[in-house]
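Residue numbers begin at 1 in each chain, while the letters A, B, ... track the order of the sequences.
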Amino acid sequence: MDHSSPAGRIFRGIALALVLVFFMFPIVWILLMSFQTNEQILRIPPRILFEPTLANYEALISGQLKTAAGNLQISFMRNLMNSFLLSSASVILALLLGVPAAYAFARFKFRLGETIAFTLLSFRFAPPLLVLLPLSLYYQQLGLNDTYFGIVWVYQLIALPLILWIVRGYFEDISPDIEHAYRLAGHSWREAFTRIAVPLAGPGIAAAGLLSFIFCWNNFVFALILASADKQPVTVGALAFVTASGIQYGQIAAAIVLSVTPTLLLALYAQRYLVEGLSLGAVKG
Amino acid sequence: MGMLEIRNVDKVYHTRGKPDVHAVRALDMDIRSGEIVALLGSSGCGKTSTLRMIAGFESVSSGSIALAQRPIHDLPPAKRRVAMAFEGYSLYPPLTVRENIAFALKAQQLSRAEIARRVDDIARLVEIEDILDHHPRALSGGQQQRVSLARALVRDADLYLLDEPMGQLEPQLRAVLRGRIKGLLAERGMTAIFVTHDQTEASALADRIAVMEDGVLQQFASERELKNRPANLFVASFIGEPPMNLLETAVAEEDGGFRLTAGSDVSFHISRQTLDVSAQQALVQTDRIKVGIRPQRIAIGSGEARLRVVSNQWLGDQAHIAGECAGHLLVAVTSSKVAARPGDVVPCALESRHLHIFGTDGVCVRHAEAR
C-alpha cells in the first residue's frame, strides 16, 4: 500500500500538519478567545498562555452582558433555542415534502417534470436579498411577519431544493427492480416506498437533511428582516454583542462556540452513519 | 387449458421530443399450464417489455392479458400472482440471502418452520446453502443471480417470469442448474416464461420458443419446428448455429417445375409437386428469390459445386468450413475433419431437397425435407 520512502512519509506528515493548522487555527483561536476577557484578547502581542475564565459563558447563559457602560440584557439562549426550533422544523417539513417529491422525480417521467424540478433548484440561484423586499411586503399583508411559521416557510427556499436534488440522485441509484420484486411479493407501491426505497436512500436522506440543517442554521438575512427579537436565531442575535461601548469579543467567541456545538455534534454523529451507509453501497447490485 | 392468454398486446413508449418506440406489436400468445416458454431474440426485440407487461411494471398500450382465466393487465403487480427473477438480481442489500428469499414468502402467511424448509430446499437446488447468511454485497454476480432465481422460484405463483436467469453463471453450473430447474418446474407443474438470447439455453429449458424481433412475434413453436420449419427469413437466419446459408437465385420455369440458379455451378430443380399453391405463385411472380440451406446440409468432398475455402476450423467435434461458392459466402459443417486449406477449391453438393425457399416478403413458402 505505502510505497513511499521514510523521507516522503515525514514530508507528507509535515504537509498534512501544516494544512491542518491552517484550517483549524481560526477555530482553535476562537475557542481560546471564549475563555478570555476582552482585555486579555486585545493585548498586544497576544499570548497563548492565559488564565482561563468562564465569565463569557456565564454571561451568555444568564443573559447578563457586563460592559464598561453597565449591564445589558441579551437573549442569547433564547436565540439558540430559536435557531434550533427554526432549523429543525424547516428540515422536518422539507423532508416530509422533499423525499416523496424526489422519489416522484426519480421514478416517474411526467409532463413538465424536469421543468418543475429545475424551477425548485433555481430558488437557490436567486440572491436572498432579491426576494426579501417583495417577500417582506407579502408577509406583512399575510400577517406572517415575525411568526415561526413564516420563517420556517421561507427556510424552505433553502432546505427543499437541496433535499429534493440530493435525495433524487440517491433514489435514481436504487434499481427500481428491487421495489418491483417487493411489489410482486404482494406489497403495494406505498409499502415499497416506505419499506424499501426510503431505507435504502437513508444515507442520502441523512446527508441532505444534515446539509440543509446547517444551511438553515447559518442563515442570516431572512431572519434579520422577517423576525423580531424574540424569534431571532443566533446568527442575528450575535449582533447584540456589538454594543455602544465596544465589541464584546470574548462573548462573541463564546457565543460562536455554543452555536457551533449543536451542528458539530450532529455532523459528527451523522458522519458515522453516513460512512456506514456509503460503505453499505452497491445498491445497484 | 390456456394458463396465460396474451391477446393483441401493443406497447408503445412515448418520450417527449423523441419518436415513439413501438416495443411490442400485436402480440398474441397462448401458454398452456405447466409449459416452459422461452422468449428468444436479440436485445431490444421486445422480450423484456413483454415480461414486464405480464408482471405489471409496464402498462399495456392496448390488448389484454389473462392469467388463469383472470384478466390481469389492469391489476397491480401484487395482485397478479406472478413471481419474477430480475436480470439485475435486485436483491435487497440490508438483508441476508436467507431473508431475501424468505421475504418473498412473507405475504403467503406460512409458518416459520415452513418458510425455513422452503428456503433450504430451494437453496439446495441452486447451490447457495453455504451463502445463506451472507449479505448480497459480499456475493459474486453468479451467486446473486442464483439468489434472485431462488427468490422467484420459492414462491407459490401462477406464473414464473425469469429474465435472463442464468446469464452470469459459469457454463458448467449453467448446465447443471438448467436440468434441475427444468426438473423442479416439471415436477410441480409450474408455468414459466424466461427471456434469453442464448439459443442453447432456450432449447435446453423450454418446451416452446417464441422468437421475437422488432417487437413482433416471428414464430412460436418447439425448437425442432423452428429449425425444420422456420416461418420466415428472420427465424431461419436467427435459429441454428452457425446460421443458415442464404443464396440469391434467379427463377426460371422449366419442365414440371422451376429452376433456381445461384451461379454457374449451383442451380436447383424444384418440382411442382413439392410446392403448394402459394409457393408456386411466389415463384411465378418473381424472377429472383432467396433460398436457404443449413450448413449441416452442405456435403463437402463430392458434388458439382465448387467451394473456394476461406477458412477451415476444427472445433473438436465438428469442422466449420467457410468458403466462396457461386458468388456467396457459405459455411458448411462436417462431422469429420476436412483436409482443405484457405485458397483450396473443394467440391461440394447442395441438394434441392434441403432448400428452404423464401418469398419476396421473407415468408418461407417451402421448407426443406425433414430428415
**Prompt:** In terms of ring plane angle, is the pair A:F84 and A:W217 parallel, tilted or perpendicular, where the classes change at 30° and 60°?
**Reply:**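 Taking A:W217 first and then A:F84, their aromatic rings stand perpendicular (interplane angle over 60°).
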
**Message:** Tell me whether the count of non-hydrogen atoms from other residues, nucleotides or ligands lying under 6.0 Å of NE2 in B:H197 goes above 12.
**Reply:**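 No, the 6.0 Å shell around NE2 holds no more than 12 heavy atoms from other groups.
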
**Request:** Compute whether any side-chain donor of one residue and acceptor of the other, for A:N82 and A:Y148, lie under 3.5 angstrom apart.
**Result:**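 Side-chain D/A pair, A:N82 to A:Y148: present.
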
Under 4.5 Å from any heavy atom of chain A, what part of [X] do you find: side chain, backbone, both or neither?
X	result
B:R81	neither
B:F86	side chain
B:R80	neither

**Prompt:** Checking A:W189 side chain against A:H180 main chain: does a donor-acceptor pair fall under 3.5 Å?
**Reply:**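 Flag not set: sc A:W189 to bb A:H180 has no pair under 3.5 Å.
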
